[in-house]
Amino acid sequence: MFLRLLSDVRWRAANPKWRSPTCCRRSTSSTAEPHPVSLPARAQVVICGGGIMGTSVAYHLSKMGWKDIVLLEQGRLAAGTTRFCAGIVSTARHVSIELKMADYSNKLYQQLEQETGVNTGYTKTGSISLAQTQDRLISLKRIASSLNVMGIPCEIITPKQVAQLHPLINIHDLVGAMYVPEDALVSSANVSLALATAASRNGVQIHERTSVSHVSVQKGRVTGVETDRGQIQCQYFVNCAGQWAYELGHSGEEPVNIPLHACEHFYLLTHPLKEPLASNLPTIVDPDGRIYIRNWQGGILSGGFEKNPKPLFTEGRNQLEIQNLQEDWDHFEPLLSALLRRMPDLEALQIMQLVNCPESFTPDMRCIMGESPTVRGYFVLAGMNSAGISYGGGAGKYLAEWMVNGYPSENVWPLDLKRFGTLQSSRTFLRHRVMEVMPLMCDLKVPRWDFQTGRQLRTSPLYDRLDAQGARWMEKHGFERVKYFVPPGKDLLDLDQSKTFYKPDWFDIVGSEVKCCKEAVCVIDMSSFTKFEISSTGDQALETLQYLFSNDLDVPVGHVVHTGMLNEKGGYENDCSIARLSKRSFFMISPTDQQVHCWAWLKNRLPDDSNLTMEDVTWKYTALNLIGPRAVDVLSELSYAPMTPEHFPSLFCKEMSVGYANGIRVMSITHTGEPGFMLYIPIEYALHVYNEVMNMGQKYGIRNAGYYALRSLRIEKFFAFWGQDLDAFTTPMECGREFQVKLEKGMQFVGQEALLEQKQNGVYKRFTMFILEDHDTDTDLWPWWGEPIFRNGRYVGKTTSSAYSYSLERHVCLGFVHHFDEKTGEELVVTTDFINQGEYEIDIAGQRFQAKAKLYPFSSLFTHRRRKDEVELSGYQRE
Amino acid sequence: MLAASCCDRRMCVCPGPRRIAIPVRSSRLPLLSDAMPAPAHLFPLIRNCEISRICSTVCYCHHKHLCCLSSHFAHGHFRYAPQKKFAALYRPKENFNHFIHARDYASTPQRFYLTPPQVNSILKANEYSFKVPEFDGKNVSSVLGFDSNQLPANAPIEDRRSAATCLQTRGMLLGVFDGHAGCACAQAVSERLFYYIAVSLLPHETLLEIENAVESGRALLPILQWHKHPNDYFSKEASKLYFNSLRTYWQELIDLNSGETTDVKEALINAFKRLDNDISLEAQVGDPNSFLNYLVLRVAFSGATACVAHVDGVDLHIANTGDSRAMLGVQEEDGSWSAVNLSYDHNAQNEHEVERVKMEHPKSEEKSLVKQDRLLGLLMPFRAFGDVKFKWSIELQKRVVESGPDQLNDNEYTKFIPPNYHTPPYLTAEPEVIHHKLRPQDKFLVLATDGLWETMHRQDVARIVGEYLTGVHHQQPIAVGGYKVTLGQMHGLLTERRARISSVFEDQNAATHLIRHAVGNNEFGTVDHERLSKMLSLPEELARMYRDDITIIVVQFNSHVIGACQNEAL
């Protein structure tokens, strides 16, 4: 059997405790044999899946002190995707949380052999990512910047240096490369076995050949699992079933959506070279050729991510498809060509095998972890997008922390299961999407990239109208949102050609939309926002919300309050606007991707009271944002109601009629800092109101605008957005929103203590606005997010979002500044003086640009300032 | 432009000394590989064209079907003369520029290759597809449809094709026509032959009806529905003349009314013979209109072979005159493809044909009849339309040429009398007709001029078309197993397999696909783009040396209908 090649079998001898020796021999174990150890009747945690993820979770949970853990594996440990994994531990990742996970994994695996005595095959080889194009090199430089500030050694090297590091590489078509010397190779199966060994020493019970049929749920909580060998009662269930995680999630009465889908993945194994390759030869990643190449037993192991992936198991586990998992050389041909182009000397090398091992992919190329929004105690860790071995250690650690502490030690929102809803669980959607995702593994990752598959799922009633007017769309949580409107007669580049790290082709288009927002009036369809209505018969709604939200919601009816929904540490779980519709009912507006997370958060915390109801009304309302100084005129003409600040002050909400349509919720907020109104329109009136607004607005120069304009406006106004700038590890104090916290509102609220403490002791990071000084918009690389910030030459943090400000004619980056002690690296309190007294630079792909730091927005931009804003801002500036 | 300076191309022919003693296969490859990568190497070949023109008074022409008097001489001067004797006569630079201006797609002198889209646009320029419409959701015709295409080598192309559905009788007619000594005869046959066949097949009552309609000036019943590519034209000027000849024919048929049902085989033979006879007569009689007069003479003095298929239900008749060929693609039970010939080539390679010719002439002529595999040492096909030089008596030829227009008189070719010309006619247009009952395993029919058959074996044709039409490329998945395979070997194998598949996907037309293979196949039987590109970028003057005009019709049969017909018959 081939699998013997990759996995060493010595681990069994090292740990015979939980395995009967008779099971060791495959010849006997394949027959139905009585299981030597019977399953326990109950356990605190049941983990399903004995691959790298399951064993890592078990390892970390047991290390953190949880002992009553059972790990179930349907086949044998490390026998699934884990066994066939190429075993490359690479920290070269784009997303910072993924980078952290990979870094932790690397460090964990390095000492694992020492800890467990199991040979993990860990070899520090380093990795070289090659760039065949300048754009690719930019992409690598961006990663290199992130790695460097993380303390991971990494350098950009020339093709000649590549040749020195690896003797076989053809460097003629290279423009550069990134060398990460700390990257390593492991035997993935053995790592998994080592983790299992350590876990079982810590008391974890491991049962092979036990498959979970479904998970029992009562009152929204996990109560136990049904297996083919009996039942186990448990409090927590962890689904680490890899490519079967989706099916397992849907097997219970209460389905848990785990959106992932398997694709075939191929890699090649060869016999050793005449002069066998050294085992410490660096791993080569050639993303332009879509391949990776590592040394393997004196020969090579090379696989890749083809452009035309073959998805499988769409209809679930299927014996026929499992049997058909054979070598497909014709399919592998492009990758083989790329390999021979990269290493022409390998022509004479003899093939050993082409391995076909399915990998699971997720709709957004990021892995899935966290607790199910519908079933408490149901945790998931799966969908590794073929980087399981790199993420294994870190992902297991974060999930274990999550289970033990209630939250992980890092912001894992980008990986949170709750970023998906049921809408991503369609098999058709997943099949189509993963066919796009898998090639993306190797594609250039440029700013503002949109998926092309699985689109037009959720749309506003105005979709066709806007589309006909030249709208270009992006997707958020399945909802189509307008990026910008291409004026008639103007053409933009093709999708492929529009990929750029520099000034994009829509620059002028968005510029004119922004100008219109500032000088006249624009309409942006913002229907995608999550909208909840919470109401009660008595005061329950107010009381509950007062407890869950940091701002004071006991405001007069018709007022809108911006508030954070904080966790115990004072971090933002959600950032929303709440309108008090009546004494007893509230209308809550949250970011689009909060639909699942916020719902679950509130559901879990609302008292079990039939008199208190919460309803998701997202689909009931179309939201139009009227931005600009003339919005007042348009609206007052349409409603025959005075809309001036005297009659309709800022942060005000009123149900009124617009045109013929009645019951439109008009709010004087715009989410940008510009004057204007949000109209929440019952969907059947959407077209009417839109038409009326556009007709009436004509004389005021109204036009459509998209989210790119909105983004530019809000960033130049220093507005933070949840999910981008704000996360569960950011408190209102840290982003200058103390004014949205009412510590003395007369009652306790979640996070109050943490905030009080911060108020007294100061904050350890501070949200800051940077204006790039010597940045040429036309010729320099554009900032995106995740760029390191340097203060007086020292790394202090990263940017979280950026945009070009058409008013300042400068780029604006938003980001957090930390204060690390120069000697110890310890985090110190960040004061206003600390921010103001530094010289700042932003590192964009290795090039540093001078930046001016500001803790408050440019007041000169507020030409139409409102009274209330002034109050708020002055409070804000005083801080 | 060089081509324009040649003699009258419609009548006399391109001076390319192709197919003269050099075996085609072996001569093409070295020539190509020497000539193409560096355009400078082309000059000797281009000059050769000029040289041939100069020499054309001596050796009349080197056309495919008509050999010059001394092929050895031609061969010799083609190979050596340009380099040795005439090299000094032409300044390469002038010639080169000349050439570049002539070919608009050869944009830079350095790069001579066509891109794949350019190659495709050349290959697809003449493609045509016809799907037999379905009636009531049930396809009642045994023909699903056909794909046809042609790739010129001569300028203008001398091949013609026709396809039509008989409207007054059942069945469909398809044919390819390979002209020689110009395209006039092939053009005329492609326009007229199907009418003659259709009329021959018509029952007595319909003929009467038609005649009455013409007599009384009523609208004529349509006889044929043509399926034409926009490039397939009909000559308007001659239509009246042609119609009158046709009318005379059906009037005779009415008079001859035998009362018997028409036999398809007989009808085909009659139609062929009658049309050739009419072509001959029209030339003898002449026409007061000088244009028409010249036209009928050109038609008569040039020649054309014809290969025509008549499909009616399970009855497939192939009438063949000359060296075009019809081939049936049969799918065996194991899914593999085999080829069945449905025509015999009428040329020197066909023993029966040589025997027939010898039987028709006195013993004394036996030696001079077939020389160098050619009829009278000149003509490759042993049967053809037109070619009155091989049919008329010497006196008749002289009379017609002398009384004919000046253009005809000035033409050396028409004045030239074949040697050893004692007992005309030496040539006939009578076809050999083969009847075949279609079976469900008969999947398609390929009609093609010899341009295809001389580059491809029929077995390969059957496989390529079969795999194309079924869309299944019976490629077993490759497994390394225990074999010792290197990465390089595997890569070579895979690229080749991919090339085979990708060429299938590029074409929507089976005939185009076949041409792609015929022109671009390398020694492995897969399309080599570089080779294809070289072959297609040959200048007009050169193309004829490497390939002949290729015309292909691929008819696809409906196995279900054929199966049902068979069951009914049982």
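Residue numbering restarts at 1 for every chain, and letters A, B, ... go by the order of the sequence lines. Note: hydrogens, waters and symmetry copies are ignored here, and every other heavy atom, side chains too, is used.
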Atom pair CG (B/L487) and CG (A/D345), whose distance is rounded to the nearest 0.5 Å | 11.5 Å
What part of A/I351 is in contact with chain B, defined as an atom under 4.5 angstrom from a non-hydrogen atom: side chain, backbone, both or neither?
-> both
To the nearest 0.5 Å, atom NE2 of B/H491 lies from atom CH2 of A/W329 at 11.0 Å
Cut-off 4.5 Å, heavy atoms of chain B, and the answer for A/L268 is side chain
Mind checking the CG-CD spacing from B/L493 to A/E333? Nearest 0.5 Å is all I need.
-> 10.0 Å
Evaluate whether atom CD of A/E275 has more than 12 neighbouring non-hydrogen atoms of other residues, nucleotides or ligands under 6.0 angstrom away.
-> no
Show me, pair by pair, the donor-acceptor contacts under 3.5 angstrom made by side chains of residues 162-172 of chain A, not counting sequence neighbours?
from	atom 1	to	atom 2	distance (Å)
A/H166	ND1	A/L168	N	3.3
A/N170	OD1	A/H172	N	3.1
A/N170	ND2	A/R341	O	3.0

Excluding sequence neighbours, so at least two apart, what forms ring-ring contact (aromatic ring centres under 6.0 Å, His included) with B/F557?
-> none
Flag if over 12 foreign heavy atoms under 6.0 Å of NZ, B/K131 | yes
